[in-house]
Amino acid sequence: MSQVRTRFAPSPTGDLHIGGARTALFNWLFAKKTKGVFILRIEDTDVERSTQEAVQGILDAMKWLGLDWDEGPYFQSERFRLYQEVAERLLREGKAYRCYCKPEELEEKRREALRAGRKPKYDRSCLERRVHPLSQPFAIRFLSSDQGVTVVEDLIQGRIVFDNSELDDLIILRSDGFPTYNFSVVVDDGTMGITHVIRGNDHLNNTPRQIQIYQALEFPLPRFAHVPMILGPDKKKLSKRHGAPSVMEYKKMGYLPEAVVNYLVRLGWSYGDQEEFTLEELIEKFTLEAVGRSPAAINPGKLDWLNSQYIKKKDLDELVRLFLPFLEEKGYLVPDLEFLKKIVSSLRERVKTLVEMANLSEFYFAEEVSYEEEGTKRYLTPGSLLIFEEMREALSKEKLLDRDTAHRLIQQLAEKQGQPLVKIAQPIRVALTGRTASPPLDEVMEILGQGKVIRRLEKAIKYLEQKEGK
RNA sequence: GGUCCCAUCGUCUAGUGGCCUAGGACAUCGGCCUCUCACGUCGAAAACACGGGUUCGAAUCCCGUUGGGACCA
């Protein structure tokens, strides 16, 4: 049994979006599972639309997801000579022929055929041509078989039979010397010894043509596995409109790479009722046979949920490290790591993304609390003045403000005032955080520390006195 | 237009002829927990696109219809 070799072959014309990322992931998983080799190849034959930034973006996104490659990246733009040589070989062997037809002529013929209700298929008018003037530009066409059938034994889609009469003689090398997609991909996969071509379903219809080229080149045929497309939440084709399909945007939005991987793998693949998988489990359990055949719509809510699960479980130091850039983004100064760790460990239980965590942590870092409107209206009322004063008083007598102390003080105050806990807690919450919703008050007080708590209570007292003065 | 693919709750899916009164997860709604918001927990509502066959029996196999999608340009 020869070693498995898979590849991911993106075009660097934009960001790596989630459809591509999932294809890469399946290739990676399959290679890992079989102890094979995963190859990265950049398909940049379209020089006009390919950019260096896009290449870098793809590499970054792959690294962020943890999809490391064993070989490459190879660049098609560095292999033009190879494509030309192989095309000339086919020419010599009579498996391809020169075509001098001008694009305008071909376009005209195509339109005519469509008008007459015929298939717009190349008429092979250059096949029998005897004279080959080298001064005139020509393309090289593959001489395809128009008899019989070509069968694709797809690992995901099953057995698919194509009538060869449907295929026409496709151009493999354009007159400017550039290879076409279907040709370069076969030359590359063949010469790189790819054993399993795992790619998007949009290439299924190209596969019979490619198989014929494999046969003409006498390359061993790889196994094919066409994974279904990913759709937008509305079941329509995925596009930029649908939020953020680019991998690096998920990073910016505060998703963890393991959550994104877990989410992507479950789009089309499943393992019984299991929803959460570690990378090791995925490698162990992944099979191409278990990949579904129907297209899947993305479901942002599920990614949120998965992300919140991973945020809860992540190693705390690691989470803090990942969280830091989001604080910097907001311009918060982080006084010390222990303080930050406490904050993260308190907030991690209640957020879906790191961006949300940064938003919720605002009151810990702000010099001055800003009161939100609802909290002001409901809780910063004359009746709260006494609560703030009593709490400040009680606090100032304590040596140390930890969670238990804070809890005790709130409870004592409630008893003293003959009020339910909530009547005491809510005004204090607004005074300390500016909001009506926050982590538990005792926790907030401990993290904030005695000094800040007292200062914020005093600010609230001043605020109330001014309000009443008017 | 031709060829090819697809079709189970709103979404991701389990299901490979009897275990299905169709299971799980997200989202939704409600109870519990509770100082608020979450988490958690318990529960509810929610699907086999339609029509024909095959079979003692069909979500499951076959054919057709409809609806989506891809490719060819």
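Keep in mind that the numbers below use all heavy atoms, side chains included, and drop hydrogens, waters and symmetry copies. Each chain gets a letter, A, B and so on, in the order the sequences are listed, and its residues count up from 1. Keep in mind it's a predicted model, so treat the numbers as computed, not measured.
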Subject >> B:G24 base / A:E275 side chain donor-acceptor hit below 3.5 Å >> reply: yes
Original post:
Listed by chain and number, what are the side chain to side chain donor-acceptor pair (under 3.5 Å) partners of A:K416, not counting sequence neighbours?
Top reply: A:E390
Subject >> Strand contacts (RNA chain B) in residues 316-326 of chain A, 4.0 angstrom heavy-atom criterion >> reply: none
Can you name the atoms? Protein N/O to nucleotides 21-23 of chain B N/O, anything below 3.5 Å, with the distance.
from: B:G23; atom 1: N2; to: A:D273; atom 2: OD1; distance (Å): 3.2

Original post:
Can you check B:C4 for me, syn or anti if syn means within 90° of 0?
Top reply: anti
Donor-acceptor pairs are to be reported for all side-chain atoms of residues 421-439 of chain A against protein atoms at under 3.5 Å, with residues two or more places apart or in another chain.
from: A:Q426; atom 1: OE1; to: A:R429; atom 2: NE; distance (Å): 2.7
from: A:Q426; atom 1: OE1; to: A:R429; atom 2: NH2; distance (Å): 3.4
from: A:Q426; atom 1: NE2; to: A:T436; atom 2: O; distance (Å): 3.2
from: A:R429; atom 1: NH1; to: A:S438; atom 2: OG; distance (Å): 2.8
from: A:R429; atom 1: NH1; to: A:P439; atom 2: O; distance (Å): 3.2
from: A:T433; atom 1: OG1; to: A:R429; atom 2: O; distance (Å): 2.8
from: A:T433; atom 1: OG1; to: A:R435; atom 2: N; distance (Å): 3.1
from: A:T433; atom 1: OG1; to: A:R435; atom 2: O; distance (Å): 3.3
from: A:R435; atom 1: NH2; to: A:N359; atom 2: O; distance (Å): 3.0
from: A:R435; atom 1: NH2; to: A:E362; atom 2: OE1; distance (Å): 3.3

**OP:** Report the distance from atom CH2 of A:W269 to atom P of B:A25, rounded to the nearest whole Å.
**Re:** 17 Å
Subject >> Where at least one partner belongs to residues 338-350 of chain A, residue pairs that pass side-chain hydrogen bond (donor to acceptor under 3.5 Å, both in side chains), sequence neighbours excluded >> reply: A:D317-A:K341, A:S346-A:E443
**OP:** For this output row, return yes or no: ring centroids of A:H203 and A:Y181 closer than 6.0 angstrom.
**Re:** yes
**OP:** Would you mind telling me which residue lines up with the more 5' stretch of RNA chain B, A:G268 or A:H203, judged by nearest nucleotide?
**Re:** A:G268
Subject >> Ring-ring centroid check A:F286 A:F26, cutoff 6.0 Å >> reply: yes
Subject >> Stretch residues 339-351 of chain A: residues that reach within less than 4.0 Å of RNA chain B through a heavy atom >> reply: A:E349, A:R350
Original post:
Within the structure shown, what part of the strands sits under 4.0 Å from A:S270 by heavy-atom distance: base, sugar-phosphate, or nothing?
Top reply: sugar-phosphate
**OP:** Could you measure between the two P atoms, the one in B:G15 and the one in B:C20, and give it in whole Å?
**Re:** 14 Å
Subject >> Flag for A:S175-A:R98: side-chain donor and acceptor within less than 3.5 Å >> reply: no
Can you tabulate the close N/O pairs, meaning under 3.5 Å, that link protein atoms to atoms of nucleotides 62-67 of chain B?
none

Original post:
Under a 4.0 Å heavy-atom cut-off, which of residues 181-189 of chain A touch RNA chain B?
Top reply: none
**OP:** Go along nucleotides 5-11 of chain B 5' to 3' and tag each nucleotide: B for a protein heavy atom under 4.0 Å from its base, S when only backbone or sugar atoms are that close, - otherwise.
**Re:** SSS---B
**OP:** Kindly give the heavy-atom pair with the smallest separation between A:F326 and A:K252, and that separation in Å.
**Re:** CE2-O, 3.3 Å
Please output the side-chain donor-acceptor pairs of residues 291-299 of chain A that fall under 3.5 Å, not counting sequence neighbours, one pair per line with the distance.
none

Original post:
Mind checking whether A:F277 and A:W269 have ring centres under 6.0 Å apart?
Top reply: yes
Original post:
Quick one: ring pair (Phe, Tyr, Trp, His ring centres under 6.0 Å) partners of A:Y214, sequence neighbours excluded?
Top reply: none
Original post:
Is a salt bridge present between A:K352 and A:E356, judged by a nitrogen-to-oxygen distance below 4.0 Å?
Top reply: no
Subject >> A:F162 side-chain proximity, nearest of B:U36, B:A70, B:U3 >> reply: B:U3
For nucleotides 31-35 of chain B, which of its nitrogen or oxygen atoms have a protein nitrogen or oxygen under 3.5 Å away, and what is each distance?
from: B:C35; atom 1: O2; to: A:R429; atom 2: NH2; distance (Å): 2.4
from: B:C35; atom 1: N3; to: A:L441; atom 2: N; distance (Å): 3.1
from: B:C35; atom 1: N4; to: A:D442; atom 2: OD1; distance (Å): 3.0
from: B:C35; atom 1: N4; to: A:D442; atom 2: OD2; distance (Å): 3.4

**OP:** Tell me yes or no: between the side chains of A:Y263 and A:N307, is some donor less than 3.5 Å from an acceptor?
**Re:** no
**OP:** Decide, yes or no, whether a salt bridge links A:K459 with A:E368 under the criterion of side-chain N to carboxylate O below 4.0 Å.
**Re:** yes
